[in-house]
Amino acid sequence: MTPDVLNCLGQRCPLPVIALAKHLPTVPVGTIIRVLADDPAAAVDIPAWCRMRTQQYIGATTVNGSPAYDVRRLT
């Protein structure tokens, strides 16, 4: 399954998490959203948001040299 990509490069905290929260309801349950975010705070903010919102944080990776965070929509 190809992840749904949410490009938040250049955005600072808390904008990547806000964008994820707004985008999540637009995709079906089970979809993986890959958040591209180069703000160092995203490495902490995105997993914490997933815990608070009962979504699955899959992990971090790098896409074309940029940090990326994978989240699966559970509800």
Side-chain angles (χ1 to χ4, degrees):
M1 174 188 253
T2 303
D4 190 66
V5 177
L6 184 60
N7 188 343
C8 296
L9 295 173
Q11 297 179 13
R12 296 293 166 225
C13 177
L15 295 178
V17 170
I18 291 170
L20 175 60
K22 287 182 179 179
H23 186 69
L24 189 80
T26 70
V27 300
V29 171
T31 299
I32 296 172
I33 301 170
R34 176 164 286 164
V35 183
L36 304 177
D38 51 3
D39 180 6
V44 175
D45 291 349
I46 291 174
W49 181 87
C50 289
R51 286 190 301 276
M52 291 187 301
R53 300 292 183 213
T54 318
Q55 303 302 325
Q56 181 183 11
Y57 175 68
I58 297 171
T61 189
T62 302
V63 175
N64 296 326
S66 296
Y69 306 91
D70 290 346
V71 174
R72 183 185 320 271
R73 180 177 179 192
L74 297 180
T75 59

Does some side-chain heavy atom of [Y] sit less than 4.5 Å from a side-chain heavy atom of [X]?
{"X": "Pro3", "Y": "Arg72", "result": "no"}
{"X": "Cys8", "Y": "Val35", "result": "yes"}
{"X": "Gln56", "Y": "Val71", "result": "no"}

(message) Tell me whether Gln11 contacts the main-chain N or O of Leu9 through its side chain, where contact means a donor paired with an acceptor under 3.5 Å.
(response)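 Checking the backbone N and O of Leu9 against the side chain of Gln11, no donor-acceptor pair under 3.5 Å is found.
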
(message) Under a 3.5 Å distance rule, please check whether Arg73 uses its side chain to pair with a backbone N or O of Val27 as donor and acceptor.
(response) yes

(request) Looking only at non-hydrogen atoms, find the nearest pair between Ala68 and Val63 and report the distance. (result) CB-CG2, 3.8 Å

(request) Determine the minimum heavy-atom distance between Tyr69 and Pro67, stating which atoms define it. (result)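 Heavy atoms of Tyr69 and Pro67 come nearest at OH-CB, 3.6 Å.
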
Out of curiosity, [X] [atom1] to [Y] [atom2], how far, rounded to the nearest 0.5 Å?
{"X": "Leu74", "Y": "Tyr57", "atom1": "CG", "atom2": "OH", "value": "14.5 Å"}
{"X": "Arg53", "Y": "Thr75", "atom1": "CZ", "atom2": "OG1", "value": "10.5 Å"}
{"X": "Ile46", "Y": "Ile58", "atom1": "CD1", "atom2": "CD1", "value": "12.5 Å"}

When the side chains of residues 13-25 are checked against the rest of the protein, which donor-acceptor pairs come out under 3.5 Å, sequence neighbours left out?
| from | atom 1 | to | atom 2 | distance (Å) |
| --- | --- | --- | --- | --- |
| His23 | ND1 | Thr26 | OG1 | 3.4 |
| His23 | NE2 | Asp4 | OD2 | 2.3 |

